[in-house]
Student: 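After the structure tokens below, expect a handful of questions from me.
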Amino acid sequence: MNTSCFRKEEKRIEAQWENTLLLPGCAGMPENVGLAGAYSGIVEGKLLVLGGANFPDKYPWEGGIKTWWATLYSYDLDTEEWTVYDDFLDRPLAYGVSISLPEGLLCIGGCDHARCSDKVFLIKKEIDSFVIDSVSYPSLPVPLANAAGAICDNCIYIAGGQESMVNERSTHHFYMLDLHHKEQGWQVMPGWDGPSLSYAVGVAQRGRFYLFSGRSYAPDELMTEYTEGYVFEPGTGKWNKMTGSFPVMAGTAIPYGEDKILILGGVEEILPTSPKHPGFSRKLRVVSTDMNALVDLFDCSYPIPVTTNAVSIGNQVFVVSGEIQPGIRTPLILKGTFRK
């Protein structure tokens, strides 16, 4: 257990971190090696982890084959027990956007090894199990994986991502779904004044949508990592560029308090995939939405996974499995508890 501290308006806030919660095995993977790109969220007191991808037998540099999964894992926050639902999805999926709603976990887009998906479906509780509602929410205008997303004042925003697993190319897409008017479908919104992005970090705070870092790529272009931050104002329909640098590609973020964003980890520099890779960032960045700038920085003593989600409930946050080095997953779930 590790305790990190930072200041907020002269009041000392403590974050206590644990790294002991472990994903259980499933059919085809008796010992879970961890999952990148899994959907995750809280539904009626259960932490759900769904789908994802990994290298279960060998690392990529050893010739390992990437495998996609269709398993649902449910962790009861009260009893601290896992339930595993094998083959829950009708096709393996990963690298979509997860949004926790009062009625369930909304899963948006994603991909398998061959193609990206435009499907939007809800995982909801039914009696003592979970079911998939695949008809209540409209599909995306295009298939999308590796996009960023968040819910802001009953509107879901989806930014960037890629449409295909062949000739992969990052995009400038920006879509909005008004949950009060789902019949209108996903609306095309004005994009940010910057590069196309995938693996960016999206979060909502104080009625605004924030987009950090990410990378651009195309068949005829070199992959480039970016460290800019952008904020979208729904009232004006305009984007503004933020002050400072945010090297947090593929990291996670949560709103904190009334005027802060906490960005957890990320990829600060793209390095070759190898056993000698130093691992990803352990930094936790505090962003002020009043100043639209970074205001504090501290470290976590545990690895902070990337290509995953940060799921918050009350004063707790769970960073669910993910990658700790390129090609290396972790079955551990990082848990932070904030003492307010």
Side-chain angles (χ1 to χ4, degrees), residues 36-41 48 50-53 68-70 88-101 103-124 131-192 195-204 209-211 214-218 230 232 234 237 239 250 252 307-309:
Y39 307 87
S40 57
L48 301 187
L50 173 66
W68 271 254
W69 297 87
F88 183 80
L89 294 172
D90 59 5
R91 68 180 270 207
L93 279 177
Y95 305 106
V97 173
S98 305
I99 304 289
S100 292
L101 300 176
E103 59 266 35
L105 173 62
L106 195 64
C107 303
I108 303 168
C111 65
D112 59 18
H113 74 284
R115 65 192 190 280
C116 296
S117 172
D118 64 352
K119 301 305 180 187
V120 178
F121 56 93
L122 184 77
I123 309 301
K124 60 183 182 180
V131 297
I132 299 174
D133 175 356
S134 58
V135 299
S136 295
Y137 292 83
S139 297
L140 289 166
V142 297
L144 272 185
N146 301 316
I151 183 170
C152 179
D153 292 340
N154 288 303
C155 291
I156 296 174
Y157 293 91
I158 301 293
Q162 66 184 64
E163 294 184 24
S164 174
M165 299 299 286
V166 179
N167 296 325
E168 299 177 47
R169 181 187 301 269
S170 54
T171 73
H172 238 112
H173 294 318
F174 187 46
Y175 300 122
M176 183 273 290
L177 178 68
D178 184 341
L179 294 178
H180 290 317
H181 299 282
K182 292 184 292 183
E183 73 282 356
Q184 296 179 1
W186 292 88
Q187 306 299 304
V188 178
M189 307 295 287
W192 57 97
S196 63
L197 294 172
S198 283
Y199 299 95
V201 179
V203 63
F209 177 76
Y210 291 80
L211 188 67
R215 68 191 192 218
S216 65
Y217 47 87
Y230 303 92
F232 177 74
W239 288 89
T252 57
T307 57
T308 184
N309 304 300

Student: For the CG atom of L101 and the NZ atom of K124, what is their distance to the nearest 0.5 Å?
Tutor: 12.0 Å
Student: Return the set of residues passing salt bridge (Lys or Arg N to Asp or Glu O under 4.0 Å) with R91 (not counting sequence neighbours), or none when no residue passes.
Tutor: D112
Student: Indicate yes or no: at least one non-hydrogen side-chain atom of Y137 is less than 4.5 angstrom from one of L179.
Tutor: yes
Student: Working to the nearest 0.5 Å, report the span between CE of M189 and SG of C155.
Tutor: 8.0 Å
Student: For L93 and S117, which heavy atoms make the closest approach, and how far apart are they?
Tutor: CD2-CB, 4.2 Å
Student: Do you know which two heavy atoms are closest between L106 and L122, and how far apart they sit?
Tutor: N-CD1, 3.9 Å
Student: Check G237 against P190 and note the closest heavy-atom contact, atom names and distance.
Tutor: O-CG, 3.3 Å
Student: Are the side chains of D133 and F121 in contact, using a 4.5 Å heavy-atom criterion?
Tutor: no
Student: Among residues two or more places apart or on two chains, list those pairs meeting salt bridge (charged side-chain N to carboxylate O under 4.0 Å, His left out) that have a residue in residues 155-172.
Tutor: none
Student: Under a 3.5 Å distance rule, please check whether W69 uses its side chain to pair with a backbone N or O of A38 as donor and acceptor.
Tutor: no
Student: Return the CG to OH distance between L197 and Y217, rounded to the nearest 0.5 Å.
Tutor: 9.5 Å
Student: Report yes if the side chains of Y175 and I108 come closer than 4.5 Å at any heavy-atom pair, otherwise no.
Tutor: no
Student: Starting at NZ of K182, measure out to CG of L177 and round the result to the nearest 0.5 Å.
Tutor: 8.0 Å
Student: For H172, which residues count as a ring pair (Phe, Tyr, Trp, His ring centres under 6.0 Å) partner, sequence neighbours excluded?
Tutor: W192
Student: Strictly distance-based, threshold 3.5 Å: is any side-chain N or O of S98 a donor or acceptor partner for the main-chain N or O of C107?
Tutor: no
Student: Extract all donor-acceptor atom pairs below 3.5 Å that involve side chains of residues 140-152 and protein atoms in other chains or at least two apart in sequence.
Tutor:
unit_1	atom_1	unit_2	atom_2	d
N146	ND2	Q162	OE1	3.3
N146	ND2	Y199	OH	3.2

Student: Which atom pair, heavy atoms only, marks the closest approach of Y95 to A36?
Tutor: OH-CB, 3.6 Å
Student: So, taking the atom named CG in D90 and the one named NZ in K119, what distance separates them when rounded to the nearest 0.5 Å?
Tutor: 10.0 Å
Student: Search all heavy atoms of Y39 against all heavy atoms of V97 and return the closest pair with its distance.
Tutor: CD2-O, 4.0 Å
Student: How close do P195 and Y230 get, heavy atom to heavy atom, and via which atoms?
Tutor: CD-OH, 3.6 Å
Student: Keeping to residues at least two apart or across chains, list the ring pair (Phe, Tyr, Trp, His ring centres under 6.0 Å) pairs with something in residues 140-163.
Tutor: Y157-F174, Y157-F209, Y157-F232
Student: Using a distance-only test with no angle check, is there a side-chain donor-acceptor pair under 3.5 angstrom linking S196 and S170?
Tutor: yes
Student: Hey, is the main chain of N309 close enough, under 3.5 Å, to the side chain of T252 for a donor-acceptor pair?
Tutor: no
Student: Restricting to side chain to side chain contact (heavy atoms under 4.5 Å, CB included), what partner residues turn up for A94, sequence neighbours left out?
Tutor: A53, W68
Student: Is the closest side-chain heavy-atom distance between I132 and I123 below 4.5 Å?
Tutor: yes
